[in-house]
Each structure stands twice: as C-alpha cells, then as structure tokens.
Amino acid sequence: MAISLVLVGLLWGATNPFIKKGSQGIQHVNSNSKIRKLLLEIKFIVKRWQYWVPFLLNQSGSLVYFFTLQKTELSLAVPVANSLTFVFTAITARLLGEEALPPSNLIFI
C-alpha cells in the first residue's frame, strides 16, 4: 500500500510542473467571441504534446489511487497521497528551474 501511495504522489506531483509548462502561452489566445476563444484554447491544448503527455501520466496516478483506495483506509490514503503530491511538485518545480517558495508561504504544524 505504501508503495502505491508514493507512486500516486509521484505521478500527481511530478507531472504538475510539466502540465503548467505545457500550457504556457494559452493566455495569449485571443478572440472577440467568448465561444471562439474557448475553441481556440481547446485547439491550443489539444495540439501540444507537452501538455498531453504529463496530463495522461497524471491521470494514470488517479487510476493507481482508485485501486489503492480499495485496499487502504481513506483516513490514511488521502493525507499521505496529497502530502507526497506537494513534496514531489516542489522538487520537480525546483529541478525545472522554478523559484522556491519563500519560507513565509510554508505552513509548519
């Protein structure tokens, strides 16, 4: 069970910065019509493998999570998976060159 939760945290967390990076530029999609802008944004995302590959890996983490929940207590699985997601997101973002969060943004309990 523990390995599954670590895998979920890794698949969710490590892909978040790549999804963010793959969607860069969508803010520059413009149109006078809201419907046309939505369609252009969908087209922008659909054409970018840099978005889809990490997105599909992220969704595979959801499948692992679903099957893990069948064997694990919910009160254990949710905080462990979510905490590890945050850790792996922070590590991956740092490795990709994003700035670290200032200590004032971190909450210590």
Side-chain angles (χ1 to χ4, degrees):
M1 304 324 147
I3 293 172
S4 296
L5 291 173
V6 171
L7 180 60
V8 169
L10 178 65
L11 287 169
W12 282 351
T15 56
N16 285 336
F18 287 102
I19 291 170
K20 178 182 173 185
K21 199 171 188 149
S23 65
Q24 284 179 341
I26 197 166
Q27 67 273 16
H28 300 299
V29 174
N30 288 317
S31 178
N32 293 335
S33 163
K34 288 184 180 184
I35 302 278
R36 178 154 167 71
K37 182 178 181 190
L38 174 65
L39 294 173
L40 289 171
E41 288 173 344
I42 291 170
K43 180 181 175 186
F44 177 87
I45 289 295
V46 166
K47 292 175 102 178
R48 294 188 54 94
W49 67 267
Q50 298 93 333
Y51 177 86
W52 280 103
V53 171
F55 176 78
L56 292 173
L57 286 170
N58 185 288
Q59 293 306 300
S60 69
S62 297
L63 284 174
V64 173
Y65 187 64
F66 174 77
F67 290 113
T68 302
L69 286 179
Q70 295 175 0
K71 304 173 206 154
T72 310
E73 288 290 323
L74 193 60
S75 61
L76 173 70
V78 171
V80 169
N82 288 338
S83 298
L84 289 172
T85 297
F86 175 76
V87 169
F88 285 118
T89 298
I91 291 169
T92 305
R94 252 337 239 153
L95 291 173
L96 290 176
E98 292 184 25
E99 290 186 29
L101 288 174
S104 61
N105 286 11
L106 302 176
I107 299 172
F108 296 99
I109 298 175

So, for [X] and [Y], which heavy atoms are closest and what is the spacing to 0.1 Å?
| X | Y | answer |
| --- | --- | --- |
| Ala14 | Pro17 | O-CD, 3.6 Å |
| Ile19 | Pro54 | CG1-CB, 3.8 Å |
| Arg48 | Lys21 | NH2-O, 4.2 Å |

Determine whether Trp12 and Asn82 make a side-chain contact, defined as any pair of heavy atoms from C-beta on separated by less than 4.5 Å.
yes
Less than 4.5 Å apart, side chain to side chain, heavy atoms only: is that true for Leu96 and Phe18?
yes
Using atom types as modelled, flag every donor-acceptor pair under 3.5 Å from a side chain in residues 28-47 to any protein atom, sequence neighbours excluded.
| unit_1 | atom_1 | unit_2 | atom_2 | d |
| --- | --- | --- | --- | --- |
| Ser31 | OG | Ser33 | N | 3.4 |
| Ser33 | OG | Ile35 | N | 3.3 |
| Ser33 | OG | Arg36 | N | 3.2 |

Crowding at CZ, Phe88 (>12 non-hydrogen neighbours, <6.0 Å):
yes
Crowded around Leu95 CG? As in, over 12 foreign heavy atoms under 6.0 Å?
yes
Does any N or O in the side chain of Gln27 come within less than 3.5 Å of the main-chain N or O of Gly25, such that one atom is a donor and the other an acceptor?
yes
Going through the distances and angles, do Val78 and Tyr65 end up as a side-chain contact (heavy atoms from CB on, under 4.5 Å)?
CA-CA 9 Å; Val78 171; Tyr65 187 64; 3.2 Å; yes
Shared ILVMFWY cluster between [X] and [Y], side chains joined below 4.5 angstrom?
| X | Y | value |
| --- | --- | --- |
| Leu57 | Tyr51 | no |
| Ile26 | Trp49 | no |
| Met1 | Val8 | no |

Donor-acceptor contacts, no H, no angles, side chain residues 66-77, under 3.5 Å, sequence neighbours left out:
| unit_1 | atom_1 | unit_2 | atom_2 | d |
| --- | --- | --- | --- | --- |
| Thr68 | OG1 | Val64 | O | 2.7 |
| Thr72 | OG1 | Thr68 | O | 3.0 |

According to the interplanar angle, ranging from 0 to 90°, do the rings of Phe55 and Trp52 count as parallel (below 30°), tilted (30 to 60°) or perpendicular (above 60°)?
perpendicular
Between atom OG of Ser60 and atom CG of Leu7, what is the distance when rounded to the nearest 0.5 Å?
7.5 Å
Nearest-0.5 Å distance that lies between atom CG in Leu10 and atom OG1 in Thr92
7.0 Å
